[in-house]
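For reference, the structure is listed below as structure tokens.
These numbers were taken from a predicted model, which means no experiment stands behind them. In what follows, chains carry the letters A, B, and so on, assigned in the order in which the sequence lines appear, proteins first and then strands, with residues in each chain numbered from 1.
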Protein chains: 2
Amino acid sequence: MAKTAQNPVKSAETTFEVLDALKDLDGAGVTELAQHLGIPKSTVHNYLSTLEQEEYVVNRDGVYEVGLRFLELGAYARHREKLFEIAKPEVDRLAAETGELGNILVEEHGRGSYLYRARGDKAVQVKAHVGTRVPLHTTALGKAILAHMPAERVDAIVDRHGLGGEASKSISTRAELEQELADIRERGVAFDDEERLEGLRCVAAPVLNHDDEIIGAISVSGPTNRFRSDRFREELPQKVLEVANVIELNVTYS
Amino acid sequence: MAKTAQNPVKSAETTFEVLDALKDLDGAGVTELAQHLGIPKSTVHNYLSTLEQEEYVVNRDGVYEVGLRFLELGAYARHREKLFEIAKPEVDRLAAETGELGNILVEEHGRGSYLYRARGDKAVQVKAHVGTRVPLHTTALGKAILAHMPAERVDAIVDRHGLGGEASKSISTRAELEQELADIRERGVAFDDEERLEGLRCVAAPVLNHDDEIIGAISVSGPTNRFRSDRFREELPQKVLEVANVIELNVTYS
DNA sequence: ACCGCCTGTCCCAGATGTTTGAACAACTGT
DNA sequence: ACAGTTGTTCAAACATCTGGGACAGGCGGT
């Protein structure tokens, strides 16, 4: 999985370095990009003009920016995920009924990718938007996924990405992770108690296909002051599990 | 605008050819892709392994597929569009109140890119999803945009992309286009009467910034049987215009 | 208006990376 | 067990990318 290409096409790598820099800088000129990347500006110019020609980058009065053609590719990639199509309406319902923020996450390359986010009427404003990628062990969604993966895949992912925590409460040893995953399997749901973001709690449930393979997870998240006692420990878990079950049924018959 | 790069990085072009093919084939193996592209499979393999290493492509049991990292780039590109952030809640409202399909479109590289699509409770099922790119002159949204562009930009776009119609009713001569755009400027809204899709009508309004520059357009679309007489000619246009005005106000103060 | 200074763009020769067929290994289905 | 797939590797030949430098155009300052 974590294989490195034997015969990598360096220009392809550079292409994506340019795009990533364009994203990090939130749009930039040739010179600025060249300095940021540490490569000559004539080279950067070659890449940018090629990308513009292919319509993957747009030049708005002197500033190059990531183009909407990536939205085409990205929307396609999302559309291809069975889970998205099926879970979206159910997560919309989850968000509407709880008033909170509903989420869908899937694993790819050992990381979590947010497929969708539904805002209820009281939903917290979270900076991370759709497409954001996060370490699996730092969110309830990710832990719900890890809990239902074959042990060897969990090992491979931990080996590759480590257990570096974004916040203090995060899991940081293998033993802690094992214990947590066992708890999640028993309970059926995973919790996130301000592990990734201050003041934010989250309740997640895995979504399995008919062969009991994990295909993703859904969750509701909200502020600690509304996520406490019975609502956090009983009411919301039950709700999330119910929605996950509906999704699993729909996944099976499709 | 339609410039071709003087010093194109051919490998970058090839990279996107591979990705496009992956999308067209909806996932494929090395050999299949190589045949589709007419290049040796060892070359294709180099690109795919590089793309996989960079996590832009994923290999699911032998089949390479477009990865969710493009969702990250795509969501970022959309997020960067001022219009999306501001217009989304209003278009949601438009869709909810009419029960139909609400849309946001912006121009890029002389084509229209759907930024967002909101489904009301009776909304028609349309195959085109977010990110889809369409010729501007074939939709009400695109015509609303063209109608408020400087004439030279309209000329440049027509020169570049032509007036090839997807359906029989489409505009096919320059004079027809000019007339249509003048009508739209006078009326304030643009109509689409089954021009692009059979049985589908659409009412669109432009969104201008405080300098009267066009930044995009919004619309509602639905089946011909619900889009007729007064509703099509009076009620919906008024509604769409009202929403567009609200968006324009919000664009100004941001 | 003039002048620096800063951009983005262009060009070409040299160096580097990319391409390619062929060979191999790993599967699949018969 | 076998034939016919597939994906993967390798190294040599060559096409391509790189990168310094030169150029034009724009902007702000004096």
Side-chain angles (χ1 to χ4, degrees), chain A residues 1-67 109 152 156, chain B residues 1-22 24-67 109 152 156 211:
Chain A
M1 178 184 267
K3 261 185 307 190
T4 57
Q6 282 71 2
N7 222 358
V9 181
K10 217 178 166 190
S11 299
E13 295 176 357
T14 309
T15 303
F16 288 109
E17 278 172 27
V18 170
L19 286 166
D20 256 24
L22 223 44
K23 173 162 166 266
D24 289 346
L25 297 173
D26 206 39
V30 176
T31 307
E32 189 182 358
L33 258 184
Q35 283 170 352
H36 184 87
L37 292 168
I39 51 185
K41 63 176 182 173
S42 55
T43 302
V44 172
H45 181 261
N46 287 342
Y47 280 92
L48 286 175
S49 58
T50 306
L51 284 167
E52 188 186 14
Q53 183 188 356
E54 300 296 313
E55 303 188 358
Y56 283 98
V57 148
V58 69
N59 187 338
R60 286 185 188 168
D61 38 54
V63 177
Y64 286 94
E65 297 181 352
V66 176
H109 290 290
E152 65 267 20
Chain B
M1 179 184 263
K3 261 185 309 190
T4 56
Q6 281 71 3
N7 224 356
V9 181
K10 215 178 166 189
S11 299
E13 295 176 355
T14 309
T15 304
F16 288 108
E17 277 173 28
V18 169
L19 286 166
D20 257 25
L22 223 43
D24 288 347
L25 297 174
D26 205 41
V30 176
T31 307
E32 189 182 358
L33 260 184
Q35 282 170 352
H36 184 88
L37 292 167
I39 52 186
K41 62 176 182 172
S42 54
T43 304
V44 172
H45 181 261
N46 288 341
Y47 279 92
L48 285 175
S49 57
T50 306
L51 284 167
E52 188 186 14
Q53 183 188 352
E54 300 296 313
E55 304 189 356
Y56 282 99
V57 148
V58 69
N59 188 337
R60 288 186 187 167
D61 37 55
V63 177
Y64 287 94
E65 296 180 353
V66 175
H109 291 290
E152 65 267 21
D211 292 327

* Could you check if a side-chain atom of B:N59 sits within less than 4.5 angstrom of a side-chain atom of B:L48, using non-hydrogen atoms only? => no
* Take the protein atom CG of B:L33 and the nucleotide atom P of D:dG7, then report the distance between them rounded to whole Å. => 9 Å
* Asked: For the pair made of CG in B:L37 and C1' in C:dT20, what is the distance, rounded to whole Å?
  -> 16 Å
* Asked: With respect to the phosphate group of D:dT8, does any side-chain polar atom (N or O) of B:S49 fall under 4.0 Å of OP1 or OP2?
  -> no
* Whole-Å distance separating the CD atom of B:E52 from the P atom of D:dT8 -> 8 Å
* Structure fact -> Distance col, row B:K41:NZ vs B:L33:CG, nearest 0.5 angstrom, shows 13.0 Å
* D:dT18 P sits how many Å from A:E17 CD, rounded? -> 10 Å
* Asked: Any side-chain heavy-atom pair from B:L19 and B:V57 closer than 4.5 angstrom?
  -> yes
* Which of these, B:V44, B:T43, B:L37, sits in a side chain to side chain contact (heavy atoms under 4.5 Å, CB included) with B:P40? -> B:T43
* **B:F16 and A:L51, any side-chain heavy atoms less than 4.5 Å apart** => yes
* Asked: Roughly, in whole Å, what's the span from CD in B:E13 to P in C:dT19?
  -> 11 Å
Interface polar pairs with nucleotides 10-17 of chain C, N/O, under 3.5 angstrom:
| unit_1 | atom_1 | unit_2 | atom_2 | d |
| --- | --- | --- | --- | --- |
| C:dC10 | OP1 | B:Q6 | NE2 | 2.8 |
| C:dC10 | OP2 | B:Q6 | OE1 | 2.8 |
| C:dC12 | N4 | B:N7 | ND2 | 3.2 |
| C:dG17 | OP1 | A:K10 | NZ | 3.1 |

* N/O (side chain, A:Y64) to phosphate O (OP1/OP2, C:dG8) under 4.0 Å -> no
* If you take all heavy atoms of B:V63 and B:G27, which pair is closest and at what distance? -> CG1-C, 3.7 Å
* Could you check how far CD of B:Q53 sits from C1' of D:dT8, rounded to whole Å? => 15 Å
* To do: Between A:N59 and B:I39, just flag the one whose closest nucleotide in DNA chain C comes earlier from the 5' side.
  => A:N59
